[in-house]
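The structure under discussion appears below in the form of structure tokens.
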Amino acid sequence: MIELTNHRLGPGAQLLVAPDVAAAMLREVAAAARPAAQARWEHELVWWLDDRATRPCSLDVGDLAWTPEHFDAQRCFVVDAITRALPESACEPVLRRWMVMIAAHPRDSVRAGRRWPALAATV
């Protein structure tokens, strides 16, 4: 099972999903975000989601490389991408719950210098 969490919200903010469900939902969100991506962070998000879909593993909302100065716009971008993915999604209930975890992610948990876990390993 793959665990999707938001540790900043506490133990109630977690989902356990099958690896194929996690892979599908990450691919769906990446596909929905791709056409709207303009900023570097948005393109990196699409790459990161696609990468995670190829090898699903547990992830926390805090794993996204949020930046303090653009956090609100970044969170909105992710929520909007999930919203666009929902109508065609085979994982609609899971996506809705993940979207709630992302929308509730607290601004004060974002710290400067955060990098995408997979990008940090390749650079």
Side-chain angles (χ1 to χ4, degrees):
M1 294 301 277
I2 302 295
E3 186 178 32
L4 305 174
T5 59
N6 186 330
H7 288 114
R8 293 288 301 195
L9 300 180
Q14 68 180 38
L15 294 166
L16 290 175
V17 298
D20 59 325
V21 172
M25 65 173 270
L26 294 172
R27 276 193 307 273
E28 291 170 354
V29 175
R34 189 174 290 109
Q38 294 180 358
R40 177 180 174 175
W41 186 92
E42 295 165 352
H43 289 285
E44 289 175 353
L45 170 72
V46 170
W47 179 89
W48 186 77
L49 291 169
D50 278 334
D51 181 64
R52 288 289 183 234
T54 64
R55 50 188 177 86
C57 58
S58 294
L59 63 95
D60 187 78
V61 173
D63 292 341
L64 278 74
W66 307 109
T67 60
E69 62 276 3
H70 301 291
F71 173 70
D72 293 323
Q74 291 165 347
R75 184 173 53 185
C76 185
F77 182 80
V78 177
V79 169
D80 287 349
I82 294 170
T83 301
R84 285 191 302 278
L86 283 170
E88 303 296 321
S89 178
C91 314
E92 188 256 346
V94 174
L95 274 179
R96 285 193 185 281
R97 291 199 48 210
W98 195 46
M99 182 172 64
V100 168
M101 284 193 276
I102 290 168
H105 193 60
R107 169 182 263 293
D108 67 353
S109 67
V110 178
R111 58 185 199 275
R114 183 85 173 112
R115 299 189 66 190
W116 299 101
L119 285 176
T122 61
V123 176

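Here the structure is a predicted model, which means the values were calculated and not measured.
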With rounding to the nearest 0.5 Å, note down the distance linking CG in Leu95 to CE in Met25.
-> 5.0 Å

Scan for side chain to side chain donor-acceptor pair (under 3.5 Å) pairs involving residues 89-99, sequence neighbours excluded, and state none if there are none.
-> Glu28-Ser89, Glu92-Arg96

How long is the span from the NE2 atom in His43 to the CZ atom in Arg34, to the nearest 0.5 Å?
-> 10.5 Å

Looking only at non-hydrogen atoms, find the nearest pair between Pro68 and Arg111 and report the distance.
-> CG-C, 3.9 Å

State plainly whether one hydrophobic cluster holds both Val110 and Leu9, where clusters connect Ile, Leu, Val, Met, Phe, Trp and Tyr through side-chain heavy atoms under 4.5 angstrom apart.
-> no

Between SG on residue Cys91 and CD1 on residue Ile82, distance to nearest 0.5 Å = 11.5 Å

Can you list every salt bridge (charged side-chain N to carboxylate O under 4.0 Å, His left out) pair that touches residues 63-77, not counting sequence neighbours?
-> Asp63-Arg114, Asp72-Arg75, Asp72-Arg107

Working to the nearest 0.5 Å, report the span between CZ of Arg27 and CG of Asp50.
-> 9.0 Å

Is the closest side-chain heavy-atom distance between Pro11 and Thr5 below 4.5 Å?
-> no

Would you call Leu64 and Gln74 a side-chain contact if the rule is heavy atoms closer than 4.5 Å?
-> no

Heavy atoms only: give me the nearest Ile102-Val61 pair and the separation to one decimal.
-> CG1-CG2, 3.9 Å

Return the minimal non-hydrogen interatomic distance between Ala31 and Pro35, and the atom names on each side.
-> O-CD, 3.1 Å

side-chain contact (heavy atoms from CB on, under 4.5 Å) between Thr83 and Met99, worked out = CA-CA 8 Å; Thr83 301; Met99 182 172 64; 3.5 Å; yes

Can you tell me how far the CG atom of Asp60 sits from the CG atom of Asn6, to the nearest 0.5 Å?
-> 5.5 Å

Are Val29 and Trp66 co-members of a hydrophobic cluster defined by side-chain heavy atoms under 4.5 Å apart?
-> yes

Within one Ile-Leu-Val-Met-Phe-Trp-Tyr cluster: Leu49 and Val100, side-chain cutoff 4.5 Å | no

So how far is it from Phe77 CZ to Glu42 CD, rounded to the nearest 0.5 Å?
-> 4.0 Å

Correct closest heavy-atom pair for Pro56 and Thr54 would be CD-C, 3.7 Å

Please confirm whether the backbone N or O of Glu3 pairs with a side-chain atom of Gln14, one donor and one acceptor, at under 3.5 Å?
-> no

For the residue pair Leu59 and Leu4, establish whether any side-chain heavy-atom pair is separated by less than 4.5 Å.
-> yes

Min side-chain heavy-atom separation Trp41-His70 under 4.5 Å | no

Hey, can you tell me if Phe71 and His105 have their rings parallel, tilted or perpendicular (30° and 60° cut-offs)?
-> tilted

